[in-house]
> 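Below is a structure I'd like to ask you about.
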Number of protein chains: 2
Amino acid sequence: MFYLNCIDFYTIVMQNKLDTQEKIVQSATELFLEKGYDRTSVREIASKAKINVSLMNYYFRSKEILFETIINLLIGKASGALKDVLNSDLGLNEKIRQYICKYIDMLISNPLLISFILAVLNRNPEKLTKLKVADNLYNTDNFAKQLEEEYEKGKIRKVNPEQFYINMLSLIAFPFAFKHLINKKNNFSQKEFNEFIKERKEIIYNMLICYLKP
Amino acid sequence: MFYLNCIDFYTIVMQNKLDTQEKIVQSATELFLEKGYDRTSVREIASKAKINVSLMNYYFRSKEILFETIINLLIGKASGALKDVLNSDLGLNEKIRQYICKYIDMLISNPLLISFILAVLNRNPEKLTKLKVADNLYNTDNFAKQLEEEYEKGKIRKVNPEQFYINMLSLIAFPFAFKHLINKKNNFSQKEFNEFIKERKEIIYNMLICYLKP
DNA sequence: ATTTGTTTTAAACAAGTGTTTAAAATAATT
DNA sequence: AATTATTTTAAACACTTGTTTAAAACAAAT
């Protein structure tokens, strides 16, 4: 038998509290990513987190709110570094190169993210636009200005910045959404798919730069 | 009071039979496209088709089978013309031009198709690979051979055909999956989105051709 | 006109859904 | 040590889900 001081007590309690809450978030995140909102039941979340069903409603008020919390967490984690690159003062070519590279690396680490976002986006359009998702995931103001400037300096051809950014995003993200068919068609393992994707870093960069030439 | 001959009788009966069956397919198709499999209940389908719930199980044995039927119908309709272009004996540039054009026109007519397919693909990977979908939607054997030949003739640079096809597909299809965010970000109406997409025909063509130059 | 076959109906079934309740267990405060 | 507050639990609630059943309505064949 032994005693703990106040700080230890506090630590342990907070630890436990965060534990349950975080266990819920973590289990729910995995399930939502794998199976989507509809195919994931609260009982499944509870069972995976090894907690009672009602605790989900105790910490988050509803399944819906838990879901929105998780969306924001996922998007927040994913978009941070990417926004930094896009708003940095790097030269255009280097910025594009880094953006492609970081975006692809991020998606390799979170291979289910794109499908998840697209699913939410098309099932609950209002949700992703209402939440701070639009700004985080698709904000090109700074980048557009840079494209304008480079054009006026005569360094690149004239492009529609909106179209150009969508091109870049399409080339980066779409293969992840289409992953299952790509793997099936080419008999790719998970590892081979990642290799296929990594090859794309240079391909995408070359395509975009080549297109920008005046 | 009047009598009908045999053929008229047959016609009317068949007409009615097809009517109920087709009413189910049509209503279910709209709902599945709009809301997906999970968020669409059989009672909603029945109500929209103005039939009794059990008729869905009478004509199709289950919701699942009805869904698979509809997937095949949608993919079949969509992929026909596209496969023809890809397997035609057109020159490379013209083939690419026509493929982009027809694909985009098809997606403008079926704006929900891409999201629908991606949703199925990621929720039930085995379904889209089991069904004849993979072959219909993503068959590049012929196209790959053509890219090889053009390279050997020295007319284009060396490219990985698989990567090149995925690039083309990404540029064509992704904006439709991302539609809601694009519209929100740019304050596009439906019409303006279609204009934005139509602009892409030339952009995508130029990007691909530019990249192919030796 | 009666039998046979097909299509449609209303009702029920069994299982699963998210959420709430009220009591129990545990921790914190006085 | 007794009281208050927080966290956890089991059970129930109200509702929706896809599917089945068995009878009714209807048409076709004998």
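What you see is a predicted model; the values in this text were computed from it and never measured. Proteins get letters first, then strands, A, B, ... in listed order; numbering begins at 1 in each.
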> Pairs in or reaching into residues 112-123 of chain A: which pass salt bridge (charged side-chain N to carboxylate O under 4.0 Å, His left out), with residues at least two apart or in two chains?
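Non-adjacent pairs meeting salt bridge (charged side-chain N to carboxylate O under 4.0 Å, His left out): zero.
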> Can you tell me the distance, in whole Å, between the CG atom of B:Leu55 and the P atom of D:dT19?
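Between P of D:dT19 and CG of B:Leu55: 14 Å.
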> Contact list please: residues 44-54 of chain B against DNA chain C, heavy atoms, distance less than 4.0 Å, in numerical order.
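By residue number: B:Asn52, B:Ser54.
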> To the nearest Å, how far apart are B:Arg43 CZ and C:dT9 P?
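My rounded result for the distance is 15 Å.
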> Below the 4.0 Å mark, does D:dT8 have OP1 or OP2 next to a side-chain nitrogen or oxygen of A:Thr20?
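The answer is yes; a side-chain N or O of A:Thr20 sits under 4.0 Å from OP1 or OP2.
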> Give DNA chain C the dot-bracket treatment, 5' to 3': Watson-Crick (N1-N3 with N6-O4 or O6-N4) or G-U (N1-O2, O6-N3) under 3.5 Å, [ ] crossing, | other strand.
||.||||||||||||||||||||||||.||
> Please collect all salt bridge (charged side-chain N to carboxylate O under 4.0 Å, His left out) contacts where either partner lies in residues 46-64 of chain B, sequence neighbours excluded, each pair once.
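For residues 46-64 of chain B, and leaving out neighbouring residues, the salt bridge (charged side-chain N to carboxylate O under 4.0 Å, His left out) pairs sorted by first residue read B:Glu30-B:Lys48, B:Glu64-B:Lys127.
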> Which ones in residues 24-42 of chain B lie close to DNA chain D, meaning a heavy atom under 4.0 Å from one of its atoms?
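Those residues whose heavy atoms fall under 4.0 Å from DNA chain D, taken from residues 24-42 of chain B in numerical order, are B:Thr40, B:Ser41, B:Val42.
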> Taking ring pair (Phe, Tyr, Trp, His ring centres under 6.0 Å) as the definition, give me every residue that meets it alongside B:Phe164, ordered by chain and number, with sequence neighbours left out.
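Not a single residue meets the ring pair (Phe, Tyr, Trp, His ring centres under 6.0 Å) criterion with B:Phe164.
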> Measure from OH on B:Tyr58 to C1' on D:dC26 and round the result to the nearest Å.
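Going from B:Tyr58 (OH) to D:dC26 (C1'), I get 12 Å.
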> Taking atom CD of A:Glu202 as the centre, report whether more than 12 heavy atoms of other residues, nucleotides or ligands fall under 6.0 Å from it.
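Counting other residues, nucleotides and ligands, CD of A:Glu202 stays at 12 neighbours or fewer.
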> Please report, rounded to the nearest Å, how far the C1' atom of D:dT6 is from the CG atom of A:Asp19.
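Taking atom C1' of D:dT6 as the reference, CG of A:Asp19 is at 16 Å.
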> Just how far, in rounded Å, is P of C:dT20 from CD1 of A:Ile65?
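Answer to the nearest Å: 10 Å.
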> Mind checking what makes salt bridge (Lys or Arg N to Asp or Glu O under 4.0 Å) contact with B:Glu94, not counting sequence neighbours?
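Once residues adjacent in sequence are excluded, the partners of B:Glu94 under the salt bridge (Lys or Arg N to Asp or Glu O under 4.0 Å) criterion are B:Arg97.
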> To the nearest Å, how far apart are A:Phe60 CZ and C:dG18 P?
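It works out to 16 Å between those atoms.
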> With ring pair (Phe, Tyr, Trp, His ring centres under 6.0 Å) as the rule and sequence neighbours excluded, what pairs involving residues 62-84 of chain B come up?
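Listed once each, the pairs are B:Phe32-B:Phe67, B:Tyr37-B:Phe67, B:Phe67-B:Phe116.
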> Applying side chain to side chain donor-acceptor pair (under 3.5 Å), which residue pairs with at least one partner in residues 101-112 of chain A are found, sequence neighbours left out?
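Residue pairs with at least one partner in residues 101-112 of chain A: A:Asp105-A:Lys201.
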> Select one nucleotide: of C:dT7, D:dT19, C:dG18, the one nearest the side-chain heavy atoms of B:Tyr59.
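Side chain of B:Tyr59 sits closest to C:dT7.
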> Heavy atoms only: give me the nearest B:Leu55-B:Ile24 pair and the separation to one decimal.
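Here B:Leu55 and B:Ile24 meet closest at O-CD1, 3.9 Å.
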> Provide, to the nearest angstrom, the distance between the CD atom belonging to B:Glu64 and the C1' atom belonging to D:dG18.
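Taking CD of B:Glu64 and C1' of D:dG18, I get 11 Å after rounding.
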> What is the distance, rounded to the nearest whole Å, between atom CG of B:Asn57 and atom C1' of C:dA11?
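To the nearest whole Å, that distance equals 15 Å.
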> Apply salt bridge (Lys or Arg N to Asp or Glu O under 4.0 Å) to A:Lys185 and list each qualifying residue two or more places apart in sequence or on a separate chain.
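A:Lys185 satisfies salt bridge (Lys or Arg N to Asp or Glu O under 4.0 Å) with B:Glu162 only.
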> Could I get the full list of salt bridge (Lys or Arg N to Asp or Glu O under 4.0 Å) partners for A:Glu199, not counting sequence neighbours?
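None.
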> With side chain to side chain donor-acceptor pair (under 3.5 Å) as the rule and sequence neighbours excluded, what pairs involving residues 69-87 of chain A come up?
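Passing the test, one end in residues 69-87 of chain A: A:Lys83-A:Asn136.
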